Each structure stands twice: as C-alpha cells, then as structure tokens.
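The structure under discussion appears below in the form of structure tokens.
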Amino acid sequence: SVMQSALKVPGVEISWVCDVDRRARECAAETVFGLTGVRPRTEKDLRKVLEDNGLDGIISETPDHFHAYSAVLAMRAGKAVYVEKPCCFCPAEGQILMRVAKETGAVLQVGSQRRASLTYKAALEWLKSTGTIGEMRYAKAWYQSDRASIGRGRVTSVPEWLDWDLWQGPATREAFRDNVVHYNWHWFRKWGTSEMGNNAPHFADAARWALGVETYPETVQCAGGQYFPKGGDFEWPDVFNASFKYPCGKILTFEMTCHGRSKPFMDAQTGALVYGEKGSLFLGPSDTAAVLDEKGKVVKEWSAGGVEKTDTISLTNPTAGLDVLHLTKFVECLRAKDQNTNAPADVGVKSSVLPLYANIALDCGETLHVDPVTGDCLSRAGADKWAREYEKGWELV
C-alpha cells in the first residue's frame, strides 16, 4: 500500500523491493512492473540494498522490532529514511535514532501521516488566528478495535519462502511458531509494542500537535490489563488507559481497547478531542475536523483536504490520500536535503515513545517519571525496561 502510494509521487522510482519473504518480494516486484513497466531489483537483506550508491532513500515498513535498526543502518549509509511508527522499539532506541539523525544530517520522516493533513493544519491555524476556544490544555485520544484470537502457535519448521533468522534481525532468537508471521507479531512482546504502539502514535501525535507540547512528558500513568481475554498467545493487555502530564501543565490521555469495541467515542473508532477554555477541537479519523462550543454545538467544520464544510462530518476511516501527501513531503525534503520533514526525528520520537512509556508504566504498576528535556527515565522502576536485549552481532549502538 505505501509502496504504491510512493509511486504516485512524481519522479519516484522504486529501484529495489526488499523482504525476507520471497513471495512478498516477487509480488511487490510484479506490482511495480505492472504500474511502471520497470522491474525493480529484489533482495532479502537490507544491508546489501544499502550498498547501492544510486539509491537515494528507503521506506521502512518492517515489524516494530526492526524500525529503528533499519533507519539507523540507512542513515549511516547516507540514505534518506521514511520509517513507520513507532519509529523505535524502546525509549533508548528513540534517543539513538535522534542522535544518528543529528550526526549524519540524514533526511528522516516518521509515518505519522496526519502531520500532512491540510484539514488539521487549517483547523489549527483558524483557532490560532481567532482564539475561538482559547488555549487548548487537555486532549483525549482513543482507538477501539476488536481483534480476533490468534490461537495457540505451534513450533514448526520454517516455511521455505521465509528467512526466519533475518526476520528476527536485532531480536534475540526464538524457534519459529506458526502464528507469528506476518501480522500477529504485534501481540508478542519480543517483536511488537502492543495495540498502544500499533495505533496510539497516530492520534496521540495529532493531539500532542494540537496541544503544542514540544517536550517529553514529565509523568506517565497507565491502568489496564486483559479484561476481554479471547485465549491464545496474545501477550499484551487488551485495555489501556494512559495519562501523560507535561511540564507546561497540559495533559494528554489515550484510551485503547483491543477486544471490547462497542459504542465508539464521538461515533468514531479513533480520533482526538482537544479541550480549550471555551470549547473543543475534534480531529476525526477520515481527515475531518470540527470546532465545538462549550455546549458541544459545532461551530465550524472542515472536510478532507482542509475544505470548509457545512454538512455532517464523515466518520469513516480512510486516510483520504494522506499517505501520498506525506510521502510527497518526504521526497521533496530528500531532493532538497532538507531535514524539516512533516515528522522529523524529534517529532516522530516524542510521539512514538508515548505508548512505550505507557507500556512500561503499566508493567511497573506505578507512575513513571521522565526528564521532559532528554526523555530519560527518572524512575528506578522502569529503568531496566528502557532499553532492549539484542541478538549478538545485531546491537544498535
């Protein structure tokens, strides 16, 4: 999907497709050939792809445990990087990512597509110019899903089409199980970051943007657990309620359910509601926005693309072309060697670590204290979860 969106950006050529799944490599190469008439080269190991001096940048669409590693590898090879969220697997990796981006001067953009939204920009600019709801001080973001059980996996032989060792990459080695590849890795702690890491970065980032908070939070609290267990190997909690307090006094909360979706908040499966002194701003999932007064009455609305609208808000869930807009900005910055992308390392990391902080706070069962300037852990509890264990020879330093 993202690869095909990239091909809609003028002048972009997909010169390589890289995947540890032979079937995926062949399918992707055939897709590119069908759309462009040019067949890209195929490879299973990113390290070999990065040896190509003619390659300008990469789009990293790997599982979470490989995001930061692939990005750092590419930046050190002199390539631009578009990396999906969360851009790090643990807070320590986020700090490494920011350091390498600064040291190399690499162009980096995190896949926080809503930063490309003309709708959100129009709404925020209007509120700034009019002061209609006053200063925004509290934001509530949410995501509701109803994941099916992933069952109990069996240790079995590795399929002939998969390089399981390379798939694991920086993660310590485990035997292959038949319920991990390709999507269920999200729900295993060794490779995924929970539903919080999977979806919170989208609207937690939008809410943080609206609040105008540019630091890390100073305290993080999180309640949750497995309240709707469906059996199987699902290792993470399925309910999260996280709260992030910033040193400026502003608060951001995020609610998450994996197995208990019923009546969505604001009739939207995901979104953010940002409260000001005299009303609120609703950032919708379908690239829509609305300003509401103190009684909840809609004052002004925008539809996809930043267009003002007067009819009812669409509450469906397409990204309304945000992938293409986001990738267009990345390519523009790549060509200009401009690090000021829609979501550079500083922006991407500060939003990506929020669900990771919440996971740690929930595991520790107490308030997590963070240095709001550096993002360092100030709590004894949680310090041992700040970094991760790497497979020997795959350490990220």
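Computed from heavy atoms alone, side chains included, the values below leave out hydrogens, waters and symmetry copies. These numbers were taken from a predicted model, which means no experiment stands behind them.
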Donor + acceptor pair across side chains of [X], [Y] (<3.5 Å):
| X | Y | answer |
| --- | --- | --- |
| Gln269 | Ser145 | no |
| Lys85 | Ser351 | no |
| Asp376 | Gln95 | yes |
| Gln221 | Ser243 | no |
| Asp238 | Gln226 | no |
| Trp191 | Asp64 | no |
| Asp178 | Thr156 | no |

Is it true that [X] and [Y] make a salt bridge, defined as a side-chain N closer than 4.0 Å to a carboxylate O?
| X | Y | value |
| --- | --- | --- |
| Asp165 | Arg173 | yes |
| Lys350 | Asp346 | yes |
| Asp19 | Arg25 | no |
| Glu294 | Lys297 | no |
| Glu103 | Arg76 | no |
| Asp45 | Arg47 | yes |
| Asp56 | Arg335 | no |
| Lys190 | Glu235 | no |

Original post:
After noting the C-alpha distance and the side-chain angles of Asp363 and Lys385, does the key distance pass the side-chain contact (heavy atoms from CB on, under 4.5 Å) rule?
Top reply: CA-CA 9 Å; Asp363 283 345; Lys385 300 178 184 293; 3.9 Å; yes

Could you tell me whether a side-chain N or O of [X] sits under 3.5 Å from a main-chain N or O of [Y], the two making a donor and an acceptor?
| X | Y | result |
| --- | --- | --- |
| Arg152 | Gly232 | yes |
| Ser70 | Ser60 | no |
| Glu93 | Phe89 | yes |

Original post:
With respect to His65, which candidate in Trp167, Trp394, Tyr390 satisfies the ring-ring contact (aromatic ring centres under 6.0 Å, His included) definition?
Top reply: Trp167

Original post:
For the ring pair Tyr82 and His326, is the centre-to-centre distance below 6.0 Å?
Top reply: yes

Original post:
Taking the six-membered ring where the residue is Trp, are the ring centres of Phe234 and His259 under 6.0 Å apart?
Top reply: yes

Original post:
Would the number of heavy atoms belonging to other residues, nucleotides or ligands and lying under 6.0 Å from OH of Tyr183 be above 12?
Top reply: yes

**OP:** Would you please name every residue forming a ring-ring contact (aromatic ring centres under 6.0 Å, His included) with Tyr138, sequence neighbours left out?
**Re:** Tyr275

Original post:
Tell me the ring pair (Phe, Tyr, Trp, His ring centres under 6.0 Å) pairs involving residues 343-376, sequence neighbours left out?
Top reply: Tyr357-Trp386

If you take all heavy atoms of [X] and [Y], which pair is closest and at what distance?
| X | Y | value |
| --- | --- | --- |
| Leu334 | Val107 | N-CG1, 4.1 Å |
| Trp164 | Phe176 | NE1-N, 3.4 Å |
| Gly151 | Asn179 | O-ND2, 3.3 Å |

Subject >> Atom pair CG/CZ of Asn342 and Arg114 - distance to nearest 0.5 Å >> reply: 13.0 Å

Subject >> From OH (Tyr216) to OG1 (Thr374), nearest 0.5 Å >> reply: 7.5 Å

Subject >> Arg23/Asp21 under salt bridge (Lys or Arg N to Asp or Glu O under 4.0 Å): CA gap, chis, key distance, verdict >> reply: CA-CA 5 Å; Arg23 306 167 307 168; Asp21 179 343; 2.9 Å; yes

Subject >> Face-on cation placement of Arg189 at Trp236 ring, 6.0 Å and 45° thresholds >> reply: yes

Original post:
Would a 4.5 Å heavy-atom cut-off, applied to side chains only, mark Asp146 and Lys230 as touching?
Top reply: yes

